[in-house]
Engineer: 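So that we are looking at the same thing, I have put the structure below in structure tokens.
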Amino acid sequence: MLEPGAVVIVIGAGAAGLAVARAVHEHGFTPLVLEQQADLGGVWQYDSEIDDDPSGRAPQRRIFSSIYDSLHTNLPRDLMAFLDYTFDSAGGGQDDWPRFPHHSCVLQYLQNFAADFGLRQHIRFNCQVEDVSQTETDWIVSVTEQGQSRVYRGAAVAVCNGHYSVPRIPALTAIRQFSGEIIHSHNYRNARSFQGKKVLVWGGAASGADLAREINDVGAEVHWCGHDIAPHRAPKGVILHDDPVLVGEHNSVTCADGSLIEGLDCFVYCTGYQYQFPFLPESLASVEDNWVKGLYEDLIHPELPQLAFIGLPYLIVPFPFFQIQSEWWAGVLAGTWSLPSVSEMQTSIEERVRVLQSRGTAIRNYHRLADEQESYLNRLAEQSGQPPLPDWFSKLAAAAQQARLADPENFRQQPIAYQGPSVVSQRS
């Protein structure tokens, strides 16, 4: 339990960091948010610049942003909103925004959130965190701020640095002999450079679907590769394959299904991102194949509750997720509820790993929640005295998922049966 007014350091001013700053402030603490960019918004802060190595393999100058020009959310904004801060004119949005808003609208919503809850005054911008360490009494955070070295001290630290900026590049035999253009989706901004080209897109998640669709509008031929891509998800004219396994002569690629793609001009990785915490020692953040090991409820080390990792799980509804996690942790710091014993938390961690192993889950997917997020969030809410998710939340989440699966190309233009409290049009 921390003293009232104690400084809580928050690393990152994206949606997760803002949710933490609000929660700890409302529990009587002083948030200090350290943000490496010049403004808040995290992953929603668009930058037209890209890495000096577009492939993402060995950049010397890395750009944080991974947003492309045309990006719209794949969740309706009434579902995306913080649970008590609507995505309309009564909260941080506008009533006439599309239900699946452009990334610029999401950034505006977050800027309004920071303004309405008085958070901007607690943010230090252009502040690169270099090292985090612990003493017997507090936490020491060393930074480079405006080109100068500086040290901050706090009673607790929340790590909210995100995991959508450092490209994950799976191994692919002989990829270095590919002489065409190689780019990771992190560095994709629009399809103009793919005009009239033969392109391979690797990755079956949302970015792979979006880029395959956009490039197909201008490219001569698009091959979309991934082991779990349902045929109905592919835009008309896009050719589906299993994962690539080998690059051959003349820019050819052999796939796991035995198919051969010859004469490629471009290779596009849509293979996700890495969890990285370069400012933390391995004793505090041990990462194995994108799994941050040893955390109770994917949030804290049992013996170090003053250090929290907010927003690690994926395939979630992010803003409400961050909000409930943040309230849970702020309650721990304030002593409004008590954690289980260290041994009980360790047992819980071990049991979770056993369950994942019994399912055959790949280690890199240990933070994947998807259909488990509702039970996870309601468990945190019950533990920390928060209300459970409202009834409309699960109904709208299920309906949005069904619409996306039924019509991957046009789901943003289709009406959805359920609605959250935000004012939205039934059509985008």
Side-chain angles (χ1 to χ4, degrees), residues 8 10 12-27 29 31 33 35 39-45 72-95 97-123 158 160 162 164 299 308-331 369 373-374 376-381 384-397 400 418-424:
V8 176
V10 182
L18 295 175
V20 175
R22 177 195 173 188
V24 298
H25 185 260
E26 291 180 348
H27 278 76
F29 305 119
V33 184
E35 170 54 50
D39 203 352
L40 61 85
V43 71
W44 297 102
Q45 187 66 242
H72 283 67
T73 67
N74 61 6
L75 293 171
R77 61 185 170 94
D78 44 327
L79 180 64
M80 270 190 75
F82 292 113
L83 292 167
D84 58 352
Y85 189 73
T86 53
F87 223 126
D88 57 15
S89 59
Q94 296 180 17
D95 296 348
W97 279 352
R99 197 169 191 187
F100 294 85
H102 186 255
H103 62 77
S104 59
C105 299
V106 182
L107 179 61
Q108 184 62 60
Y109 171 85
L110 291 174
Q111 290 173 334
N112 291 342
F113 179 84
D116 287 346
F117 291 99
L119 303 179
R120 184 173 283 272
Q121 62 182 317
H122 297 289
I123 305 174
C160 309
Y164 295 105
L299 271 166
F309 296 80
I310 305 298
L312 291 183
Y314 68 98
L315 287 189
I316 58 168
V317 181
F319 295 2
F321 194 94
F322 303 155
Q323 181 178 8
I324 291 174
Q325 282 193 324
S326 299
E327 286 288 333
W328 182 94
W329 186 59
L369 278 188
Q373 71 169 321
E374 184 178 356
Y376 171 90
L377 290 177
N378 281 335
R379 182 169 67 251
L380 295 192
S384 55
Q386 302 177 63
L389 290 170
D391 289 342
W392 60 263
F393 184 92
S394 59
K395 293 176 181 177
L396 178 53
Y418 297 98
Q419 183 170 322
S422 296
V423 175
V424 294

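Quick note: residue numbers are just sequence positions, from 1.
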Engineer: Closest approach of Glu35 and Ile123, non-hydrogen atoms and distance?
Structural biologist: CB-CG2, 4.1 Å
Engineer: Would you say Leu83 and Ile324 make side-chain contact, with heavy atoms under 4.5 Å?
Structural biologist: yes
Engineer: Okay, side chain of Asn378, backbone of Leu389: is any donor-acceptor separation there less than 3.5 Å?
Structural biologist: yes
Engineer: How far apart are the C-alpha atoms of Arg77 and Asp88, what are their side-chain angles, what is the distance that settles it, and do they pass the side-chain contact (heavy atoms from CB on, under 4.5 Å) test?
Structural biologist: CA-CA 9 Å; Arg77 61 185 170 94; Asp88 57 15; 4.1 Å; yes
Engineer: Can you classify the ring geometry of Tyr109 versus Phe82 as parallel (below 30°), tilted (30 to 60°) or perpendicular (above 60°)?
Structural biologist: parallel
Engineer: Would you say that more than 12 heavy atoms from the other residues, nucleotides or ligands in this model lie under 6.0 Å from the CG of Asp84, or not?
Structural biologist: yes
Engineer: Do Leu79 and Phe393 come within less than 4.5 Å of each other through their side chains, counting heavy atoms only?
Structural biologist: yes
Engineer: Evaluate the criterion side-chain contact (heavy atoms from CB on, under 4.5 Å) for residue pair Leu315 and Leu369; output intermediate values, then yes/no.
Structural biologist: CA-CA 6 Å; Leu315 287 189; Leu369 278 188; 5.9 Å; no
Engineer: Do the side chains of Phe322 and Ile316 get nearer than 4.5 Å, heavy atoms only?
Structural biologist: yes
Engineer: Can you check side-chain contact (heavy atoms from CB on, under 4.5 Å) on Leu107 and Asp39, steps first, answer last?
Structural biologist: CA-CA 10 Å; Leu107 179 61; Asp39 203 352; over 6 Å; no
Engineer: Compare all side-chain heavy atoms of Trp392 with those of Tyr418 and state whether any distance is below 4.5 angstrom.
Structural biologist: no
Engineer: I want to know whether Tyr85 and Phe117 have ring centres closer than 6.0 Å.
Structural biologist: yes
